[in-house]
Amino acid sequence: MTVTARPTGALPPHDVADLGAAELGVRRIEWAEREMPVLRLIRERFERERPLEGLRVGACLHVTTETANLMRTLAAGGAQVTLCASNPLSTKDDVAAALVAVYGIACYARRGEDRDTYYAHLGAVADTHPVLTMDDGCDLVSLIHTERPDQVREVFAGTEETTTGVIRLKAMAADGALGFPVIAVNEAQTKHLFDNRYGTGQSTVDGILRATNILLAGRNVVVAGYGWVGRGIASRMHGMGSHVAIVEVDPVRALEALMDGFRVMTVGEAAPWGELFVTATGNVNVFRREHFAAMRDGAIMANSGHFDAELDLPALREMAEGHVREVRDNVVEYDLGGKRLNLIAEGRLVNLGAAEGHPAAVMDMSFANQALSAEYIAQHHGELEHQVYVVPEAIDAEVARLKLAALGIAIDDMTVEQRIYVSSWQHGT
Ligand SMILES: NC(=O)c1ccc[n+]([C@@H]2O[C@H](COP(=O)([O-])OP(=O)(O)OC[C@H]3O[C@@H](n4cnc5c(N)ncnc54)[C@H](O)[C@@H]3O)[C@@H](O)[C@H]2O)c1
């Protein structure tokens, strides 16, 4: 399609890298939309019913094609949306341009922005005085609570997309520090069972391959963390023919990994064994100085957890004593003297830093949960306490029902006899 740029005066507030990239952005956003039938159905209903009329939404999410379709859906529901990036490396500049120039949505995001710009962009979103926050990692909620306490009472409620953000919010609620309710979209079954597992599993492999083009078959791969994300990565790596070992701190998860057919090791055992290391724990410094010292020449490291803190990068930099060079796009080599270690995408989310994030078909469900949770907040915020809520079961079930329907798959209803049977305690052998 040909993009007709709006007259400059009509552009929404923005800071993006290149408005000229908008046409490419539109094509890629429309391509993603084809894989997002549930969100499309919600958008069509929102256009008719306008459930978010006049609501100021402040969103801090990865600026990808799928997010653009969520922003369009919220705007179709009547919301005034302002978006910034939830990670300095995950922004797709063409998408940011299209949001501003074609869809009329305020957007502050440039790929590779420095820390000051990242926080300036968050501040620009907070300046719009959102009544609904939409976070991926809790940065917007944190900023409002710490730097703008007067604004806390203006917010009806928020939504949170990822595990790490939910952990931060639950800590705030436990301390009595959370000033408004938040719906943990990550806790919806139609989110973490699919997005964290299949979405991150596939897109992490995608990011590693785009960055390195290595052969995975026969390679020793260490996955740190056997949560939803770690399970997805491990099963996809196994499917590509890698030998996979898991490092864990939770005995139940470690046992599960073992019975799923993976090796289980300590970090110390894994360091000299592994050839490719992928972290997905949501924790800090999983691989540290002593582990880098024990790794093989040529080992590759990547992270798929939310923050770039899972590998002790300051220690790695120190050990390299300045012998650091980019060897391929998105791959930096640290020469430790006689041994070279490689880091993908600066240790930030590899699936977003070196690839395009989750496939749209998976984000369809995650973002359907976001859109329906926003509608729920518009209708029910007055009834909610300052706590972290799970997505209402009815929304979860509706997202799964719509997804199956969009895929043309029907399932059975229980017969009357079956309903009576499963709710009775009188039947025995
Ligand atoms: N890359 C993406 O697009 C993407 C998508 C979804 C979630 N995430 C992020 O991925 C991370 C993991 O999410 P999840 O849903 O799998 O969480 P989870 O809580 O289900 O799993 C984390 C696992 O890591 C283990 N762990 C914690 N500390 C560890 C340590 N020091 N060593 C080894 N294992 C350790 C925990 O026991 C747990 O089993 C979070 O930061 C989340 O925000 C990223």
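Just follow the structure's listing: the first ligand is 1, and inside any ligand the first atom is 1. Side chains are part of it too, since the values below use all heavy atoms of this structure and drop only hydrogens, waters and symmetry mates.
- Ligand 1 places these atoms under 4.0 Å from at least one heavy atom of Thr162: 6 (C), 7 (C), 8 (N), 9 (C), 42 (C), 43 (O).
- The ring pair (Phe, Tyr, Trp, His ring centres under 6.0 Å) test with Phe180 singles out one residue from His381, His145, His386, and that residue is His145.
- The protein heavy-atom contact nearest to atom 22 (C) of ligand 1 is Thr281 O, 3.6 Å.
- For atom 28 (N) of ligand 1, the closest heavy atom belonging to the protein is Asn283 ND2, 3.1 Å.
- Using a 4.0 angstrom heavy-atom cutoff, His192 does not count as in contact with ligand 1.
- The closest side-chain donor-acceptor pair between Thr163 and His192, if any, does not fall under 3.5 angstrom.
- With ligand atoms numbered from 1 in the order given, ligand 1 contributes 37 (O) to contacts under 4.0 Å with heavy atoms of Asp250.
- Checking only distances, Trp228 does come within under 3.5 Å of ligand 1, N or O to N or O.
- Defined by atom type and a distance below 3.5 Å, a donor-acceptor pair is present between the side-chain atoms of Glu310 and Thr281.
- The Val249 neighbourhood of ligand 1 comprises atoms 26 (N), 27 (C), 28 (N), 29 (C), 30 (C), 31 (N), 32 (N), 33 (C), 34 (N), 35 (C), 37 (O), with distances under 4.0 Å to a heavy atom of that residue.
- In this structure, Arg111 does not pair ionically with Asp93, as no charged nitrogen and carboxylate oxygen lie closer than 4.0 Å.
- For atom 16 (O) of ligand 1, the closest heavy atom belonging to the protein is Val229 N, 2.8 Å.
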Distance-only criterion, 3.5 Å: show the donor-acceptor pairs between side-chain atoms of residues 124-132 and protein atoms not counting sequence neighbours.
from, atom 1, to, atom 2, distance (Å)
Asp127, OD1, Arg148, NH1, 2.8
Asp127, OD1, Arg148, NH2, 3.0
Thr128, OG1, Val125, O, 2.6
His129, ND1, Glu154, OE1, 2.7
His129, ND1, Glu154, OE2, 3.1

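- Among all protein heavy atoms, the one lying closest to atom 9 (C) of ligand 1 is His306 N, 3.7 Å.
- Given atom 5 (C) of ligand 1, the protein heavy atom at minimum distance is Thr200 OG1, 3.2 Å.
- Only the backbone of Ala280 comes within contact range of ligand 1, with a heavy atom under 4.0 Å; no side-chain atom does.
- Atom 21 (O) of ligand 1 has Gly227 CA, 3.1 Å as its closest protein atom, hydrogens excluded (heavy atom only).
- Remark: Arg27 fails to qualify as a cation-pi partner of Trp31 under the 6.0 Å distance and 45° angle criteria applied to the six-membered ring.
- Only the side chain of Asn351 comes within 4.0 Å of ligand 1, counting heavy atoms alone; its backbone N, CA, C and O stay farther away.
- Regarding atom 44 (C) of ligand 1, its nearest protein heavy-atom neighbour is Ser304 O, 3.2 Å.
- Remark: among candidates Arg253, Lys191, His358, Glu248, the nearest residue to atom 37 (O) of ligand 1 is Glu248, based on non-hydrogen atoms.
- Closest non-hydrogen pair, Ala270 versus Val247, comes out as CB-CG1, 3.9 Å.
- The shortest N/O to N/O separation between Thr164 and ligand 1 falls below 3.5 Å.
- In the vicinity of Leu349, heavy-atom distances shorter than 4.0 Å reach the ligand 1 atoms 1 (N), 2 (C).
- In the model, Thr67 has no side-chain atom that pairs as donor or acceptor with a side-chain atom of His62 under 3.5 Å.
- The shell of residues lying under 4.0 angstrom from ligand 1, judged by heavy atoms, excludes Arg231.
- The side chain to side chain donor-acceptor pair (under 3.5 Å) test with Asn186 singles out one residue from Thr164, Asp136, Thr159, Asn196, and that residue is Asn196.
- Scanning for side-chain contact (heavy atoms from CB on, under 4.5 Å) contacts around Ala59 gives Leu61, Met71, Leu83, Met134, with sequence neighbours left out.
- Heavy-atom proximity to Val247, at under 4.0 Å, picks out these atoms of ligand 1: 33 (C), 34 (N).
- The protein heavy-atom contact nearest to atom 13 (O) of ligand 1 is Thr163 OG1, 3.4 Å.
- Looking at heavy atoms from C-beta onward, Cys60 lies out of side-chain contact with Tyr108 at the 4.5 angstrom threshold.
- Arg288 and Asn285 are not linked by any side-chain donor-acceptor pair at a separation below 3.5 angstrom, with hydrogens and angles left out of the test.
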